[in-house]
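Worksheet for the structure shown next.
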Amino acid sequence: MSILPETEASVSAGPWVAISEEPIDPSVVLARVGDPADGAVLLFLGTVRNHAEGQHVDGLHYEAYLPMAEKVLRQLAEEMCARLGTDRIAVVHRLGTLEVGEVSVAVAVSSPHRTEAFATASTLMEELKRRVPIWKHERYESGRAAWVEGHPR
Amino acid sequence: MSILPETEASVSAGPWVAISEEPIDPSVVLARVGDPADGAVLLFLGTVRNHAEGQHVDGLHYEAYLPMAEKVLRQLAEEMCARLGTDRIAVVHRLGTLEVGEVSVAVAVSSPHRTEAFATASTLMEELKRRVPIWKHERYESGRAAWVEGHPR
Amino acid sequence: MSAVRALFLARYRDLVGTDEVELRVDAPLPVREFVALVRARGEAFSRLPAAATVAVNHEVAGPYTFVGPGDEVAFLPPVSGG
Amino acid sequence: MSAVRALFLARYRDLVGTDEVELRVDAPLPVREFVALVRARGEAFSRLPAAATVAVNHEVAGPYTFVGPGDEVAFLPPVSGG
C-alpha cells in the first residue's frame, strides 16, 4: 500500500543521460531540452575526425566500463543541473564502431540566457572527457590501430 | 569569353548567412557545416522567452534595416571564418512576428577541436547583438508593447 | 539629384511618425550638421537624440563623416537582435 | 564468498590478456597492496602500472581505500571519451 501521491514520480525528471550503441540523432537530443522560460538552446556534437596526431583515421571504436560510466555521467549531468538551476540538460555518448563523420557524443542545454548555456555545455564536455570511463580505439589508414589515452588538447 | 577555369566559382563558398521571415529549421542550419576534418559541431539557437525584465511576454516582432543588416552579418561571419581558418559557419536571423518558443536566431560552427567552435559561436552571437541593425518589439501580457534597445545581459 | 534620404528605424520611426524623408542638400556636410538639420524640421523630429547613431550608406558613421547628395542616412536606435 | 573481482579495461585488458580475474582475499587490504598482489600474478600482469588508476565498486579509489571480499576493482587507463 503506497502512501505517496501518484504525481510523486513526475516531480523532477532530472537530466536526460544515455550511453548507447545506437546512432545518435541530434534532433532527438535537442528535443529533450527547451522551455518557454528559456531564450537560449545549445547543442554540441562530437564527431569522428579523419585525422589525429598527424595520422589519417579510418574509423574508431568506443568502449566503456558501463556501470561506472553511466553512474559518473549521470552525476556529472546532475552537478551541471545544480549549477544551472534547472534540469534542462541532455547528454548521450555512443559506444561501438563509428565511421568518420559519425556523432560520438551529443550535449544539449537550454537556459534563460546564452552565457549559462555556453558555460554549462563547455564544462560538461571538459569534465566528461576527464572523468567518464570511456576509451577510444582508433583505426588508421596504415592498417595500425591504437588505444587513445588522455586528451592532448 | 572567360579565361577563368570553370571550377573557380566553387573554390570557397564562404559562410552561409541569411535574414528571413521564414521559420528557422535548426537541422537545415546544422547541415550547412561539418567536414570530415572536424571533430566538433556547435549549434546555438536563440528562442523567444515568455518573460523579460519581470514582465510576461506574449510574443514579439523583429525589424531589420535589411540592406545594412545583411551586409554587417555577412562581414561578421567572414571575420569569424578568418579567425577559425575555415568557412564552416552558418548564421540565420528571423524577422517578423514570432511566438514564445520560436527560434529567432541560429548559429552553427564546426571545427577540428571543440574550443574554437565554442569560442567562435559565442563571439559571433555577442557581436551580432552589438552590431547588426535588428530591433525587437515585445508584446506583453498586459496588452502593452515596447521596443527593446540594447542588451541588459 | 541633390537630395539625401533620411531613414528612421524602429523606435525612431515611431518617434518622428514617418520612415523616411528627403532633404535637399547642395553641398556635402558633416553628419553632425545633417542631424541638426533633420532635428530642426519640427517638433516630432526634435525628439531624435542629437547624438543618435547614424549609418551613411549602410556603414556606421562618426559625427564628422560627410554626407552629400545621393547618400542614404539611417537613424539607428540601440540594436536588440539575437 | 571471499573473492575480489579485478577487471581490466581497454589497453589494460590487451596488456594482461584477460578482462577479469578473481583473487582470494580473506581480509580487507588497501588498494595499493591489492594492486601489488595482482601485478605479482605473472609477467603479463606485471605490465600494469603500479600506480594505475583503479575504481572500487564504480568509484575512483585512492591507494589507501580498503578492498575486501565481494568488491569489484577495475583497472582504468587514462580515459579518452568525448
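Within every chain, numbering begins at 1; the chains are lettered A, B, ... in the order of the sequence lines, protein sequences first and strands thereafter. All figures in this text were calculated on a predicted structure; none of them were measured in a lab.
More than 12 heavy atoms of other residues, nucleotides or ligands shown are found within 6.0 angstrom of CZ on A:Arg139. Annotation: A:Arg144, atom CZ; neighbour count of heavy atoms from other residues, nucleotides and ligands within 6.0 Å is above 12.
For D:Ser80 against A:Gly150, the heavy-atom pair with the smallest separation is CB-O, 4.0 Å. Residues A:Tyr65 and D:Ala74 come closest through the heavy atom pair CE2-CB, 3.3 Å. Listed here is the closest heavy atom pair of D:Gly82 and A:Ser104: O-OG, 3.2 Å.
Under the 4.5 Å side-chain criterion, counting only non-hydrogen atoms from C-beta, A:Trp135 is in contact with D:Pro77. Side-chain atoms of A:Val72 and D:His58, non-hydrogen and from C-beta on, never get closer than 4.5 Å to each other.
Taking CH2 of A:Trp147 as the reference point, atom CG of D:Asp14 lies at 6.0 Å (rounded to 0.5 Å). Atom CE of A:Met68 is separated from atom CG of D:Leu9 by 9.0 Å, given to the nearest 0.5 angstrom. Interatomic distance, A:His137 NE2 to D:Arg11 CZ, rounded to the nearest 0.5 Å: 11.0 Å.
Contacts of D:Asn57 with chain A are made by backbone atoms alone, with heavy-atom separations under 4.5 Å and no side-chain atom involved. In this structure, no portion of A:Arg94 lies under 4.5 Å from any heavy atom of chain D. A:Ala64 touches chain D through its backbone: at least one of N, CA, C or O sits under 4.5 Å from a heavy atom, while the side chain does not. A:Lys136 touches chain D through backbone and side chain together, each having a heavy atom under 4.5 Å away.
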